[in-house]
Undergrad: 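Have a look at this one.
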Amino acid sequence: MAKSRQRYSVQDPSLSPTNTRTREDDQSRWTEYLGLDMASPVATRSTRNTAHDGQNPISVGSLKGLNVQWVYQLIEVADGLMAKMYRLNQILDYPDPIAHVFSEAFWKSGVFPNHPRICILLSKKFPEHFSKLQLERVDKIALDAINDSAELHIQSLEPWVQLLLDLMAFREQALRLILDISSTVITLLPHQNSVILHAFMDLFCSFVRVNLFAHKLPRKMMLQIYNLLHAMTRNDRDCDFYHRLVQFIDSYDPPLKGLQEDLNFVSPRIGEVLEAVGPIIFLSTDTRKLRNEGFLSPYHPRYPDILTNSAHPMRAQDLANVTSYREWVLFGYLVCPDELLRVTSIDIALVVLKENLILSLFRDEFIHLHEDYQLYVLPRVLESKKMAKSGRTKQKEADLEYSVAKQVEKMISEIQEQAIVACDAIHHERRIFLKQEIGRMVIFFSDQPSLLAPNIQMVYSALALAQSEVTWYFQHVGIASSKSKAARIIPVDIDPSDPTIGFLIDGMDRLCCLVRKYIAAIRGYALSYLSSCAGRIRFLLGTPGMVALDLDASLKGLLHQIVSHLESIPKPQGENISTLTCDLSDFRKDWLSVLMIVTSSRSSINIRHLEKATVSTGKEGLLSEGNAAYNWSRCVDELEYQLSKHGSLRKLYFYHQHLTAVFRNTMFGPEGRPQHCCAWLGIASSFPECASPIVPEEVTKIGRDAVLYVESLIESIMGGLEGLINILDSEGGFGALEIQLLPEQAASFLNYAARASIPLSKSPKGAAGFPLPGYESYPENNGSIKMLEAAMQRLTNLCSVLNDMEPICVLNHVFVLREYMRECILGNFRRRLLAVIKTENDLQRPSILESLIRRHISIVHLAEQHISMDLTQGIRDVLLAEACSGPVSSLHSFEKPAEQQTGSAAEAVCNWYIENIIKDTSGAGILFAPLHKCFKSTRPVGGYFADSVTDARELQAFVRIFGGYGVDKLERMLKEHTAALLNCIDTSLRSNREALESVASSLHSGDRIERDASIKQIVDMETVIGFCIQAGLALAFDQNLAEAAGTVLEDSAPLIYSLLAGFVKHIPDALPERKDIRRMREVANSVAVISDHDTQWIRSILEDVGGANDGSWALLPYLFASFMTSNIWNSTAFNVDTGGFNNNIHCLARCITAVIAGSEYMRLDREHEQRQPFPNGHAGGTLNSEGDGLTSVEASIKSTMQLFVKLAAGIILDSWSEANRSHLVAQLIFLDQLCEVSPYLPRSSLEPYVPYAILRSIYSQYYANSPGALALLSASPRYSPVVSVTHASPAPRQPRGDATPQYGSSDLSYFKGSMMHSQGSIHDHDSGSSRSIETKHRNARRSGPLDYSSSRKVKHVEGSTSGGSGPSPLPRFAVSRSGPLAYK
């Protein structure tokens, strides 16, 4: 702190007008701004300008010239000063010091004391001293607080007060240098002294920019507060520089008045320069002339066969600088308004003012151009007009001056309205022109790369013009111009969806890529030109005119050094050009030294002497040759810098928010091109170059913003990619080309067509509103097909472009678009998969879901053809991830990892099936139809009826989508649900054990009264029946699922399927089964190659949960028999159409059969395990062979099932009476279906208890009188199928034909086909037990009534103990014609 204050307390000699220090001493002040970090972007640019162009300090006395190095360094200092001011503006939240408006963030920034009343008062009263303002009366508390923390506030303000001092020092040094150049340089014409002209005008514009930008800072408040703090800490003594800073700030308040006064002495030279660049400005605005004359065409527009267009080489080169020329005009006439009174100046100013609304100062800081011209230029013009009018009689020029002043006044007054209306149209036309020219240029140079090097200056001009137009566009987006007369804000209409921006950015990027691709050829051409130029310059130096000139030794030595440099250039040979390195900075340094000497008025030999001495040769003069060599030398070792200067869009960083918005509006618009995205992304690589080494934190911030910009654009690109894929995947996309009518839609259409009088073939859509197949071929749908083709083309183009795109490097971040594209496509596929699983109503049909997935995969395959990576594997991974829910229980032995995510898609579908089909939580009335082997519902479950999502075709589609993991997931959920139901049965057996034992004893003793009393003691019988029905539903669903899985496996992997089918035939029958045999049986059962699916499934569940391990399970047949007394039978009716009952009571038969069989397996396994270990190592009481084991299990199951049939039939017949027989029909059919379902019960098992005549009579009346479900609940004996109990089992001697009632032919043919199918199945069953044959056999009877076949269950009939001895009673019905039943 002491050191800093000591710096301010010492008189700064550089600020004194009488200072005689050398410029070398002045440079030490700007060390911070010039910087030593050669790696920084700005320092690099400075080094190129100074080391390559400017060169070492040269003595003014020895070479009688200027040191241009100091000019470049002051330009660099100006950039550093503006970078600091820009940072301060950010910290202070962009205050408005003119209106004294300061935000809350301003006071919280820590730069100023947070006491607004004191600070604002000091700012408003500037330049009055604080001692005269009586601050104690304004805010005594705030003043005391400032006094208490004065030291801290001084520390926070010191660096910014030092900035004010630097601004004051820069003003004096820059003015002195501008005056020096203006007064000593002979000519500043573009075609004669271009290098020094650009240096001079750049310094001039930087000087104006710095002072205009400084006006946006709260300089008055800063100085006043600092002086107050200084006085508080230094005994009321002002800081040493206070009064000089007050004078400096006051003289530039407003800044334009101070600038006009300071630069008045160089005004004539500025006017000359602006007049000299006027023709180039006019040419740049005349797009028609540029196009017709071919200024940006490598070939002559009128003679295309001439591949070189050398008509305007200098003009083409000057067009590269036209952006700088326009800025010179705007700044020049703003601070030198008297030059507008030149005759030609008004046209130049009019052209430039008409196409601009703002004047850029630094980065995105600007001033409103027309407002400042009206406030600060127009009064000067009016003053000149007044003076000219008063002096009209004194001089002839007064009339002309008055006329010009009047025209200028009118122009300034009206130009703002014209600019607001016309500026965007002017630039839009220019952008279209550049889009066309750059497009042709890219195509031409790609085809003729050998012509790129001779036309490199033309390429620079095209890049510079496009750079100017793109920058102008984003500078004016969101700009509102205020009209001083109307005092209102008028927004400028800039189209944010202008597609030309994308074309220009892409064209610039492609041109730069071409230059970089052929950089070796360009360098070789430049070296060849410089080699030839050496001979021409040597020739010119030897001409008589040059010999006659009295050149001093220093100038002559420089000229010979230049020739030596050029002659020492290595000759390019063959393929070594790319490895050739050549530093021509010494050549440029010496040539610039020559220019500084010959353009100085202090030199005895100037530029005019050299031109006269060399131009008489009829060739280019010495200066022209030297300037051309200077420009071409930069194509050797500064080509990248030149390319960056003219083709870089790094300034767009400060408009990156607008950049992102315009990209989103144009990229996927009607005229957008996917290939443009590469150029939009490539801009970010240059953003870090905007960071200033003066403000270290900018590097981090700009780098972070650049990364966010790239990520935002990539997100937009990937969003567009997803959009294109989803457009093709929509119903209006590929879906429109794959229209297929669902069966119900076809039926609706046929019904309407039958009723309609007008043929529907004339319309592509049916009456129901759904389109018919082929509707896309109608002419009215051409538009949609063309849109589809355009989307396909755009998708393939985008994929191709992103695949070929080079990685985007931003600082230490690398973005590989191919990887983003892969993640996008696969992520979109995952989201689409999860989205199409559910419709608006409920689950999507698996078959439709499969078609949608296949359609999406076909689109991915279309994109994959243009991407050099495997997307198919990624699609498989997604499907596997969405289907996998852990290891398959019957195949994998490892445990599921805790962190593994379950497949959400498969889980959602499986949950839906469990909740809506098995549990029927929606109350849709789910029924299992044995006849059709699917589930039906009385009303839709979500959007479909149950049969639409549970038939074989839909389950097969489910298996194809989710594979074995999905099947295992659904089967596991079914097992969990069934295990819970079996646990309820176990609980019921345990809780009702005493009652069931009493029921068993009463049934065997025949005590009906005790039996009824014991049955009434059974708790929750109705609930247990419901659980058993649900278990039966689960069994039926799992069998359907297993059959679907088997069908898919047989189609997709027939070898594996045949292996499992063959394995089933040779499974060992030993008990207990080994673990590996058990697992193989489960695998085979999951694809339905095992005949008794239900038993094996229940057995596996009981094994997993350890069920049926209690003695109470011996009472299972008595529990099931007691179900016959339930009230559920009173509302049970058989349905002919479904082959089942209206309340799913037929599923109870499956449950009874499977649970009894499974429990018997478990009991015998347990008994075997208990008997197995003996001390002598022999199994005691084990079964003799594997066949004996299976036979004993089957015999036990059969005896238990027969016991249940006997008990159930007894309860049914005992409970029947004339007054109460509504339940009898359903219960008898139930027992018949139980014998049909159970593989362990022959049909003869029911004969001793329910005669066949009764069953035949029941089925005959059902199938004869009712096409649908017929509820036989009537009490009238006349219409009851159970005519009389005296109609016992038919006698063998009953007549065969006459006593049999006759039925309609349609009914007979219906059952005849069914029975023929059944008979064919019987013979197939004898030859094997494959899954498909068994399925046909099991289903044969479902299409009609019972098929009493003795050969169907030969194995069980032979082992039956209840069938009695002697011949089977079944053959007596073999020729019966008493009904549709073919008793065989």
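Quick note: numbers below take in every heavy atom, side chains included, and nothing from hydrogens, waters or symmetry partners.
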Undergrad: Does F1204 reach the side chain of L1234, with side-chain heavy atoms less than 4.5 Å apart?
TA: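 In contact.
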
Undergrad: Examine W1129 together with F1230 and report whether their ring centres are nearer than 6.0 Å.
TA: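 Aromatic pair counts; centres sit under 6.0 Å.
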
Undergrad: Just wondering, do I1254 and L1228 contact through their side chains at under 4.5 Å, heavy atoms?
TA: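 Heavy-atom side-chain distance check passes, below 4.5 Å.
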
Undergrad: Between D1020 and T1023, is the side-chain hydrogen bond (donor to acceptor under 3.5 Å, both in side chains) condition met? List the steps.
TA: CA-CA 5 Å; D1020 295 332; T1023 304; 4.5 Å; no

Undergrad: Once you round to the nearest 0.5 Å, how far does CD1 of I1025 lie from CG of N1127?
TA: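 One finds 9.0 Å between CD1 of I1025 and CG of N1127.
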
Undergrad: First locate atom CD1 of I1258, then atom CG of L1224, and finally report the distance between them rounded to the nearest 0.5 Å.
TA: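 Result: 7.0 Å between the selected atoms.
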
Undergrad: Any idea which heavy atoms bring W1097 and D1038 closest together, and the distance?
TA: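 What the structure gives for the nearest pair is NE1-OD2, 3.2 Å.
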
Undergrad: Going by heavy atoms in the side chains, are Y1240 and E1160 under 4.5 Å from each other?
TA: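 With C-beta onward as the side chain, the pair stays apart.
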
Undergrad: Do H932 and D1137 meet the criterion of a side-chain donor-acceptor pair at a distance under 3.5 Å?
TA: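 Absent: no donor and acceptor within the cut-off.
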
Undergrad: Sub-3.5 Å donor-acceptor pair from the side chain of D1214 to the main-chain atoms of R1008, do we have one?
TA: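 Not a single qualifying donor-acceptor pair exists.
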
Undergrad: Distance check, rounded to the nearest 0.5 Å: I926 atom CD1 versus D920 atom CG?
TA: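 These two atoms lie 4.5 Å from each other.
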
Undergrad: Just do the side-chain hydrogen bond (donor to acceptor under 3.5 Å, both in side chains) check on E971 and S1086 with the steps written out, would you?
TA: CA-CA 8 Å; E971 189 176 60; S1086 66; 5.3 Å; no

Undergrad: Taking all heavy atoms of A1121 and all of I1211, pick out the closest pair and write down the distance.
TA: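 Heavy-atom minimum between the residues: O-CD1, 3.4 Å.
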
Undergrad: Pair F1134, N1142 - check side-chain contact (heavy atoms from CB on, under 4.5 Å), show working.
TA: CA-CA 6 Å; F1134 182 69; N1142 63 338; over 6 Å; no

Undergrad: Test side-chain contact (heavy atoms from CB on, under 4.5 Å) on R1099 and D1165 and set out the steps.
TA: CA-CA 11 Å; R1099 178 185 176 186; D1165 281 345; 3.7 Å; yes

Undergrad: Taking the side chain as everything from C-beta on, heavy atoms only, tell me whether L1231 gets closer than 4.5 Å to Q1233.
TA: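 Side chain of L1231 against side chain of Q1233, heavy atoms only: no contact under 4.5 Å found.
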
Undergrad: Might you point out which heavy atoms bring G1032 and R1150 nearest each other, and give the distance in Å?
TA: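 For G1032 and R1150, the tightest heavy-atom pair comes out as O-CD, 4.4 Å.
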
Undergrad: Determine yes or no for a side-chain-to-main-chain donor-acceptor pair under 3.5 angstrom, with Q1017 supplying the side chain and V999 the backbone.
TA: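 Here the side-chain-to-backbone pair does not exist.
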
Undergrad: Using side-chain heavy atoms (C-beta onward) and a distance below 4.5 Å, is S1001 in contact with E1010?
TA: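 In short, these two side chains touch, coming nearer than 4.5 Å.
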
Undergrad: Nearest 0.5 angstrom please: I1101 CD1 to L974 CG, how far?
TA: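 Atom-to-atom, I1101:CD1 and L974:CG are 8.5 Å apart.
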
Undergrad: Mind checking whether L1035 and I1098 have side chains closer than 4.5 Å, heavy atoms only?
TA: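 Of all side-chain heavy-atom pairs linking I1098 with L1035, at least one is under 4.5 Å.
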
Undergrad: Backbone N or O of E994 within a donor-acceptor pair of the S998 side chain at under 3.5 Å?
TA: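 Between the backbone of E994 and the side chain of S998 there is no qualifying donor-acceptor contact (under 3.5 Å).
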
Undergrad: Would you say the side-chain atoms of T921 pair up with the backbone N or O of E915, donor to acceptor, closer than 3.5 Å?
TA: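 The answer is yes, because a donor-acceptor pair under 3.5 Å joins these two groups.
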
Undergrad: Side chains of Y1161 and L1102, heavy atoms from C-beta outward: is any pair under 4.5 Å?
TA: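 Sidechains of L1102 and Y1161: no contact.
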
Undergrad: Got a second to check how far R993's CZ is from S991's OG, nearest 0.5 Å?
TA: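 So the gap between those two atoms works out to 11.5 Å.
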
Undergrad: With no hydrogens and no angle check, is any side-chain donor or acceptor of S1245 less than 3.5 Å from a backbone partner on Q1202?
TA: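 No, the answer is negative, given that no donor and acceptor are paired below the 3.5 Å cut-off.
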
Undergrad: Check for a donor-acceptor pair, side chain of N1085 on one end and backbone N or O of R1081 on the other, with a separation under 3.5 Å.
TA: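 Side chain of N1085 to backbone of R1081: no pair is present.
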
Undergrad: Does the ring center of Y1262 lie less than 6.0 Å from the ring center of Y1259?
TA: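 No, the ring centres sit 6.0 Å or more apart.
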
Undergrad: Can you tell me how far the CD1 atom of I1077 sits from the NZ atom of K1075, to the nearest 0.5 Å?
TA: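 With rounding to 0.5 Å, CD1 (I1077) is 13.5 Å from NZ (K1075).
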
Undergrad: If you compare all heavy atoms of W1113 against all heavy atoms of S1159, which two are closest, and at what distance to 0.1 Å?
TA: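 Looking at all heavy atoms of both residues, the closest pair is CE3-CB, 3.7 Å.
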
Undergrad: Is it true that a side-chain atom of D1094 and a backbone atom of A1154 form a donor plus acceptor pair closer than 3.5 Å?
TA: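 No; zero donor-acceptor contacts below 3.5 Å.
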
Undergrad: So which heavy atom on N916 is nearest to which on S922, and how close?
TA: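 Smallest heavy-atom distance, with atoms named: OD1-OG, 3.8 Å.
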
Undergrad: Could you go step by step and tell me if R990 and D986 meet the salt bridge (Lys or Arg N to Asp or Glu O under 4.0 Å) rule?
TA: CA-CA 6 Å; R990 293 172 186 270; D986 180 71; 2.7 Å; yes

Undergrad: Given D1007 and S1002, is the side-chain hydrogen bond (donor to acceptor under 3.5 Å, both in side chains) satisfied, shown in steps?
TA: CA-CA 5 Å; D1007 189 347; S1002 61; over 6 Å; no

Undergrad: Starting from the C-alpha separation in whole Å, work towards a yes-or-no answer on side-chain contact (heavy atoms from CB on, under 4.5 Å) for M1021 and I1015.
TA: CA-CA 9 Å; M1021 180 188 295; I1015 290 176; 3.8 Å; yes

Undergrad: Should E1082 and R1079 count as an ion pair when the cut-off is N to O under 4.0 Å?
TA: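 Looking at E1082 and R1079, the cut-off is not met.
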
Undergrad: Is a side-chain N or O of D947 found less than 3.5 angstrom from the main chain of K936, in a donor-acceptor match?
TA: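 Flag not set: sc D947 to bb K936 has no pair under 3.5 Å.
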
Undergrad: Ignoring hydrogens and geometry, is there a side-chain-to-backbone donor-acceptor pair from N992 to S988 under 3.5 Å?
TA: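 Confirmed, N992 side chain pairs with S988 backbone.
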
Undergrad: Do any N or O atoms from the side chain of S937 and from the backbone of A924 form a donor-acceptor pair under 3.5 angstrom?
TA: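 Side chain of S937 to backbone of A924, a donor-acceptor pair under 3.5 Å: no, none is there.
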
Undergrad: If every non-hydrogen atom of L1148 is compared with every non-hydrogen atom of I1029, which pair is closest and at what distance?
TA: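 Heavy-atom minimum between the residues: CB-CG1, 4.3 Å.
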
Undergrad: Checking V1136 against Y1263 for the side-chain contact (heavy atoms from CB on, under 4.5 Å) test, could you report, in this order, the C-alpha distance in whole Å, the side-chain angles of both residues, the deciding distance, and whether it holds?
TA: CA-CA 7 Å; V1136 176; Y1263 285 96; 3.1 Å; yes

Undergrad: Is the ring centre of F1037 less than 6.0 Å from the ring centre of H977?
TA: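 Distance test on ring centres: not under 6.0 Å, no.
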
Undergrad: I want to check something: taking the side chain as every heavy atom from C-beta on, are L1207 and F1120 in contact at a cut-off of under 4.5 Å?
TA: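 Heavy-atom side-chain distance check fails, nothing below 4.5 Å.
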
